Structures are given as C-alpha cells and as structure tokens.
Chemist: 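I'd like to ask you about the structure that follows.
These numbers come from a predicted model, not from an experiment. Note that ligands are numbered from 1 as they come in the structure, with each ligand's atoms numbered from 1 the same way.
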Amino acid sequence: MLILGIETSCDETAAAVVKDGREMIASVVYTQIEKHKKWGGVIPEMASRFHLEVISQVIRECLEKANCNIETDIDAIAVTQGPGLTGSLLVGANAAKTLAWLYKKPIIPVNHLLGHIAANYIGTDIKPPLICLLVSGGHTQIIRVDSYTEIEVIGESVDDAAGEAFDKVARLMGLDYPGGPHLDKLAQEALAIEGALTHESAETCRKAPFCYEFKIPEVGALDFSFSGLKTGVLRLKEKIGEEKWQADKAMIAKAFQDTVAEFLFKKVAEASRITNYNNIIIAGGVAANSSVRKRFSDGFKAPEYQIYYPPLSLCTDNAAMIAAAAYHLEPNDLGFEVYSRLA
Ligand code: KG4
Ligand code: ZN
C-alpha cells in the first residue's frame with residue numbers, strides 16, 4: 001500500500017510516499033527556517049503564505065522522486081490534521097482534500113504527534129508498546145504509546161518547549177536561530193577543556209571559577225518546566241558580567257544542556273517505571289543534542305531497555321512520518337477540520 005503524506009503544521013512544507021508504513025519511497029522537505037530567521041522565530045501568518053507558495057511544487061517533486069503516478073500508484077492520501085498553526089495546517093489539508101477529491105482517493109487525517117512516533121517505524125521493526133519523548137521547538141511531551149493508534153500524553157512542559165529554551169539561551173549567547181544546534185556545538189568545546197583534565201582535577205574543576213551548575217526545575221510528576229532554567233542563565237549573565245560571560249560561554253552552554261538532559265532523562269525514567277514500558281524512543285529536533293543522547297544511552301542500557309533515535313531527517317518535521325502513521329488509521333470523509341491544539 002502506497003500512501004502519499006502531506007505535512008504543513010509549522011514551518012516545513014513536506015510531502016512523502018511511504019510503502020506499508022515502513023518503507024520510505026521518497027520524501028521532500030522544504031524548510032522556511034531562513035525566512036523566519038531574522039524574526040528569531042516562526043511568524044504564523046508568514047508561514048501559511050510560504051506553504052501556499054510551494055505546496056504544489058513540493059508534492060509534484062515528491063511524486064517524481066518516487067516515480068509514482070498519483071492516479072494509478074497512490075492508494076491513499078494522508079495529511080496532518082493538528083496540532084499546529086491553523087493557517088499552515090489548512091494549506092496542507094486543502095491540498096490533500098483537493099487531490100483526494102480529484103483522483104477519488106481515500107483521505108486519512110493524522111495527528112502530528114502520532115506522526116512523530118511513526119517516524120520510528122520507518123526502516124525498522126520497532127513496535128509498540130513504548131514510551132516516546134518528543135522534544136522539539138514546539139513540543140516537550142512524554143507519550144505512552146499503547147498501540148499504533150492509541151497514545152496518551154502523560155507528561156508535558158507547563159511553559160516553554162525544550163527546543164524553545166535552547167533557542168532562547170542560544171540567543172543570549174548571540175547564536176543564530178534556531179540556536180539549539182549552535183549551542184550544542186559550543187558546549188562540545190567545553191568537553192575539550194574537561195577532557196584535558198584528569199579525574200582529580202575534574203573534581204577541582206567542579207569548584208573552579210569557570211565551572212557552572214544549574215538546578216533541575218521542580219515540577220509535578222512527569223511534567224517539565226524550562227522557563228526558570230532559561231531565567232537562571234539570564235541571571236547568571238547579569239551576575240558575572242559580559243567579559244566573563246564571553247570567556248566562559250562554552251562551559252555555561254555545557255552546564256545548561258547537561259541540566260536539560262538530566263531533567264529529560266529523570267522524567268522518562270520515571271515514566272518507564274510507572275508504565276513498565278522499557279522500549280524508549282526520542283523524537284524531535286532536540287533528540288539530536290549530544291548531551292541528551294549521551295545521557296539516554298548511558299541511562300537506558302540493554303537488555304533491560306531498548307532505546308531508539310530516528311535519523312535526524314526523520315526527527316524533525318517531515319511527511320514520511322505522517323504517511324507511516326496513516327497506514328494504521330481509517331480514512332475519513334472530506335469534511336474534517338484541522339485543529340491547532342490537542343483537545
Ligand atoms: O523538530 P524540530 O525541527 O521542529 C519543531 O519544532 O517541530 O525542532 C526544532 C528545535 C529547535 O528549537 C532547535 O533549536 C532544536 O530543535 N534543536 C536542537 C538541536 N538540534 C535542533 N536543540 C539542541 N541541540 C541540538 N543539537
Ligand atoms: Zn513536530
């Protein structure tokens with residue numbers, strides 16, 4: 001079964017063809033990052049306009065790459081229904097509805113979160129039940145995945161998303177948007193400083209004037225909170241002054257991302273304990289972070305745990321994950337509406 005997926009929930013216009021929910025045939029992602037860069041974040045009205053400009057081209061290019069004729073080869077059309085930016089979602093939904101109507105294909109609206117989870121099924125034999133940590137610019141959620149179609153959000157951020165916190169702290173450091181990957185790179189320079197120290201001097205380092213620590217925020221059960229952590233970094237900047245801030249930036253970046261990694265790990269470990277699910281997947285842009293990966297790989301070891309990270313191209317928003325999720329869902333009629341938030 002070949003499904004054409006369409007995703008436009010935020011700032012990526014994407015189309016993909018996936019076979020039987022597991023095999024990627026083609027995927028095209030057009031990102032608007034460059035266009036939103038100078039504003040330091042996504043501007044919703046602009047995002048929907050950009051989607052509209054490229055959506056036809058992205059779908060056409062994807063079908064060409066897949067060597068597919070929509071009329072004869074595609075069995076169904078899947079599209080992100082929500083959550084996301086309403087105007088952006090509407091562009092994808094209307095494109096999908098038009099194609100479904102024109103070519104008389106079944107249409108399958110897909111929950112974006114179910115999509116992020118399904119990204120892990122592509123090219124693997126991973127199966128639910130599992131725990132998914134979804135950490136991106138828009139989401140920070142722990143999701144209990146009971147089956148291919150049944151999921152429940154069991155923990156989430158009460159304020160900023162994890163990626164948003166990375167972007168805001170990176171901005172304090174004068175790094176470009178989106179700042180997460182730049183901050184990660186900077187933090188790795190600190191590793192070189194730490195790596196040069198012996199074990200004993202690492203202890204000394206912890207007390208050294210260039211060594212920083214942030215407190216893990218206190219928040220209920222499986223939830224997260226990042227705004228206090230971000231403010232903590234801002235207060236530190238004010239306290240130590242510009243010169244020291246510049247000199248110690250790498251160490252501060254490292255301390256910040258280690259704290260985020262520890263925070264995420266602790267909550268997912270607790271979720272695994274509560275649910276008794278030992279298969280863990282991490283999705284979303286922040287899954288690329290080196291401290292996060294290290295903490296999770298060190299903390300969740302086989303044979304007790306299985307941990308999976310999808311390749312980066314499938315971690316961030318794409319349409320292959322939407323087509324993969326749709327394989328397990330029922331078609332809808334053309335009258336469905338998009339939604340910006342989970343009910
Ligand atoms: O999943 P994604 O591409 O888009 C959505 O938000 O849906 O995630 C983007 C977020 C941005 O906030 C970006 O700064 C962050 O993921 N990010 C990272 C890293 N790579 C991307 N954050 C920390 N470390 C990274 N290596
Ligand atoms: Zn997403």
Chemist: If you have a sec, work out which protein heavy atom is nearest atom 3 (O) of ligand 1 and how many Å separate them, to one decimal?
Modeler: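 Protein heavy atom with the smallest distance to atom 3 (O) of ligand 1: T316 CG2, 3.0 Å.
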Chemist: Do the ring centers of F226 and F166 come within less than 6.0 Å of each other?
Modeler: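 Ring centroids of F226 and F166 are no less than 6.0 Å from each other.
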Chemist: Using a 4.0 Å cutoff against the non-hydrogen atoms of G180, which atoms of ligand 1 qualify?
Modeler: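 Within the 4.0 Å cut-off of G180, ligand 1 contributes 14 (O), 18 (C), 19 (C), 22 (N), 23 (C), 24 (N), 25 (C).
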Chemist: Is there a donor-acceptor pair closer than 3.5 Å between any side-chain N or O of Y277 and the backbone N or O of R144?
Modeler: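 Here the side-chain-to-backbone pair does not exist.
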Chemist: For atom 23 (C) of ligand 1, what is the closest protein heavy atom, and at what distance to 0.1 Å?
Modeler: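 Protein heavy atom at minimum distance: N289 ND2, 3.5 Å.
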Chemist: Can you tell me which residue and heavy atom of the protein come closest to atom 15 (C) of ligand 1, and the distance to 0.1 Å?
Modeler: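 Nearest protein contact, heavy atoms only, for atom 15 (C) of ligand 1 is V286 CG2, 4.0 Å.
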Chemist: Is a donor on one side and an acceptor on the other found under 3.5 Å between the side chain of K267 and the backbone of A221?
Modeler: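 Yes; at least one donor-acceptor contact below 3.5 Å.
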Chemist: Evaluate Y309 against S297 for side-chain hydrogen bond (donor to acceptor under 3.5 Å, both in side chains), listing each step before the verdict.
Modeler: CA-CA 10 Å; Y309 313 89; S297 301; 2.9 Å; yes
Chemist: Where is the nearest protein heavy atom to atom 26 (N) of ligand 1: which residue, which atom, and how far?
Modeler: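 Heavy-atom neighbour on the protein nearest atom 26 (N) of ligand 1: D184 OD2, 3.0 Å.
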Chemist: Relative to each other, are the rings of F265 and F300 parallel, tilted or perpendicular (30° and 60° limits)?
Modeler: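 Tilted.
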Chemist: Give me the protein N, O or S atoms that fall under 2.8 Å of the Zn ion (ligand 2), sorted by chain and residue number.
Modeler: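 Only H112 NE2, H116 NE2, D317 OD1 fall inside 2.8 Å of the Zn ion (ligand 2).
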Chemist: Can you name the atoms of ligand 1, numbered from 1 with element, that are less than 4.0 Å from a heavy atom of S136?
Modeler: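 Every atom of ligand 1 under 4.0 Å from some heavy atom of S136: 1 (O), 2 (P), 5 (C), 6 (O), 7 (O), 8 (O).
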Chemist: Using side-chain hydrogen bond (donor to acceptor under 3.5 Å, both in side chains) as the criterion, point out the one residue from T316, D317, N111 that pairs with H116.
Modeler: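 It is D317; the other options fail the test.
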Chemist: Is the charged tip of R22 near the ring of Y327: under 6.0 Å from the six-membered ring centre and within 45° of its axis?
Modeler: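 No, R22 and Y327 do not form such a contact.
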Chemist: To which protein heavy atom is atom 11 (C) of ligand 1 closest, and what is the distance rounded to 0.1 Å?
Modeler: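 It is D167 OD2, 3.6 Å.
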Chemist: How far is atom 9 (C) of ligand 1 from its nearest protein heavy atom, and which residue and atom is that?
Modeler: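 Result for atom 9 (C) of ligand 1: G137 N, 3.7 Å.
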Chemist: Would you say E45's side chain and A47's backbone share a donor-acceptor pair under 3.5 angstrom?
Modeler: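 No: the side chain of E45 does not pair with the backbone of A47.
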Chemist: With heavy-atom distances below 4.0 Å as the criterion, list the atoms of ligand 1 near D317.
Modeler: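 In order of numbering, the contacting atoms are 7 (O).
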Chemist: Return the residue, atom name and 0.1 Å-rounded distance of the protein heavy atom closest to atom 1 (O) of ligand 1.
Modeler: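 The closest one turns out to be G285 N, 3.0 Å.
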Chemist: Could you name each residue pair satisfying ring-ring contact (aromatic ring centres under 6.0 Å, His included) that touches residues 44-102, not counting sequence neighbours?
Modeler: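 Only H36-F50 qualify under ring-ring contact (aromatic ring centres under 6.0 Å, His included).
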Chemist: Can D184 and Q257 be counted as having a side-chain donor-acceptor contact under 3.5 angstrom?
Modeler: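 A pair is found: one side chain offers a donor N or O, the other an acceptor, under 3.5 Å apart.
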Chemist: Run the numbers for me: atoms of ligand 1, each under 4.0 Å from some heavy atom of G138, listed by number.
Modeler: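 Near G138, the atoms of ligand 1 are 6 (O).
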Chemist: Using atom types as modelled and distance alone, determine if a side-chain donor or acceptor of T8 lies under 3.5 Å from a backbone N or O of G92.
Modeler: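 Yes, T8 side chain to G92 backbone: donor-acceptor pair under 3.5 Å.
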Chemist: Going by the atom numbers of ligand 1, which of them fall below 4.0 Å from some non-hydrogen atom of G163?
Modeler: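 Reading through ligand 1 atom by atom, the close ones are 12 (O).
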Chemist: Can you check whether L90's main-chain N or O pairs, donor with acceptor, with N94's side chain at less than 3.5 Å?
Modeler: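 It does hold such a pair.
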